[in-house]
Amino acid sequence: MNIPSGRVESLAAIFQAARFSIVGIANTLVDAVLFYALTQVLLFPILPAKWISYSAGLANSFFWNRRWTFRAASSTPLVAPKFIGFNLIGLLINAGLLALALHVFRLPLPLAWLAATAGAWLWNFWTSKRLVFKS
């Protein structure tokens, strides 16, 4: 039984999006656990702790998305800076959508957070797939 190539590509994209989501969940856990440890156990100030924990999540994201999600074979010197730049834009998109959802659409915080996260996820997945780890 042969599966048409269009369906194979669609299935591959779905599995890639699922792997990207799993990596994103892991990044969130890295960020949250490290942030908690830095602020509650080691008593770091909040902003430096957030920079450190967010950076650790971003490094985790780069490693696993490059190796597992997109299986990028080669690496150029611009891959990491592009990844960081597009993810920082994703962070701005997330914050902007959160503010819009809360203050313009007056959504409850959990729904606003979900909408902002979904918008940033779309941006980060598309830029990672098409611009950073393209094959």
Side-chain angles (χ1 to χ4, degrees):
M1 177 170 147
N2 289 334
I3 300 173
S5 65
R7 284 193 74 172
V8 170
E9 290 170 5
S10 295
L11 285 172
I14 289 168
F15 285 122
Q16 198 172 55
R19 287 191 303 266
F20 188 81
S21 297
I22 291 167
V23 169
I25 292 166
N27 302 335
T28 302
L29 289 173
V30 166
D31 182 3
V33 168
L34 187 55
F35 181 75
Y36 178 83
L38 289 171
T39 59
Q40 302 304 307
V41 177
L42 299 175
L43 305 176
F44 272 55
I46 288 175
L47 288 179
K50 187 59 186 172
W51 275 99
I52 293 167
S53 66
Y54 183 84
S55 296
L58 192 60
N60 183 69
S61 178
F62 179 76
F63 177 82
W64 287 109
N65 280 318
R66 183 170 170 256
R67 297 281 185 206
W68 184 53
T69 304
F70 299 106
R71 295 184 173 115
S74 64
S75 180
T76 66
L78 294 179
V79 171
K82 284 195 316 191
F83 181 81
I84 292 167
F86 286 128
N87 275 269
L88 290 176
I89 293 169
L91 179 61
L92 293 174
I93 289 169
N94 188 302
L97 289 174
L98 183 63
L100 186 68
L102 286 171
H103 302 297
V104 174
F105 295 108
R106 305 226 183 265
L107 293 177
L109 182 58
L111 288 177
W113 181 88
L114 188 60
T117 300
W121 182 93
L122 288 170
W123 167 263
N124 287 333
F125 181 69
W126 186 86
T127 56
S128 290
K129 181 175 179 65
R130 298 289 180 207
L131 304 175
V132 177
F133 300 114
K134 61 185 177 198
S135 24

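Being a predicted model, the structure only gives us computed values, none of them experimental.
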Donor-acceptor pairs are to be reported for all side-chain atoms of residues 93-112 against protein atoms at under 3.5 Å, with residues two or more places apart or in another chain.
none

Side-chain donor-acceptor pairs under 3.5 Å in residues 23-39, sequence neighbours left out?
unit_1: Asn27; atom_1: OD1; unit_2: Asn60; atom_2: ND2; d: 2.6
unit_1: Asn27; atom_1: OD1; unit_2: Ser61; atom_2: N; d: 3.2
unit_1: Asn27; atom_1: ND2; unit_2: Val23; atom_2: O; d: 3.1
unit_1: Asn27; atom_1: ND2; unit_2: Ser61; atom_2: OG; d: 3.3
unit_1: Thr28; atom_1: OG1; unit_2: Gly24; atom_2: O; d: 2.9
unit_1: Asp31; atom_1: OD1; unit_2: Lys50; atom_2: NZ; d: 3.0
unit_1: Asp31; atom_1: OD1; unit_2: Ser53; atom_2: OG; d: 2.7
unit_1: Asp31; atom_1: OD2; unit_2: Lys50; atom_2: NZ; d: 2.7
unit_1: Thr39; atom_1: OG1; unit_2: Phe35; atom_2: O; d: 2.8

Please list, one pair per line, the donor and acceptor atoms closer than 3.5 Å that link side chains of residues 78-89 to other protein atoms, with sequence neighbours excluded.
unit_1: Lys82; atom_1: NZ; unit_2: Leu131; atom_2: O; d: 2.9
unit_1: Asn87; atom_1: ND2; unit_2: Phe83; atom_2: O; d: 2.8

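Transitive grouping of hydrophobic side chains (ILVMFWY, heavy atoms separated by less than 4.5 Å) keeps Tyr54 and Trp64 in distinct clusters. Under the 4.5 Å side-chain heavy-atom criterion for Ile, Leu, Val, Met, Phe, Trp and Tyr, Leu122 and Leu58 are members of the same hydrophobic cluster.
The CH2 atom of Trp51 lies 9.5 Å from the CG atom of Leu47; values are rounded to the nearest 0.5 Å.
Within a 6.0 Å radius of CZ in Phe63, other residues, nucleotides and ligands contribute more than 12 heavy atoms. Counted within 6.0 Å of CH2 on Trp113, heavy atoms from surrounding residues, nucleotides or ligands total 12 or fewer; the atom is thus considered open.
Using cut-offs of 30° and 60° on the angle between ring planes, the pair Phe125 and Phe20 is perpendicular.
Identified under the side-chain hydrogen bond (donor to acceptor under 3.5 Å, both in side chains) test for residues 9-18, with sequence neighbours left out: Gln16-Lys129.
In this structure Arg71 satisfies the side-chain contact (heavy atoms from CB on, under 4.5 Å) test together with Arg19, Trp68, sequence neighbours excluded.
Residues Val132 and Phe70 fail the side-chain proximity criterion, which asks for heavy atoms closer than 4.5 Å.
Applying the under-4.5 Å side-chain rule to Ile, Leu, Val, Met, Phe, Trp and Tyr, the cluster around Leu92 consists of that residue alone.
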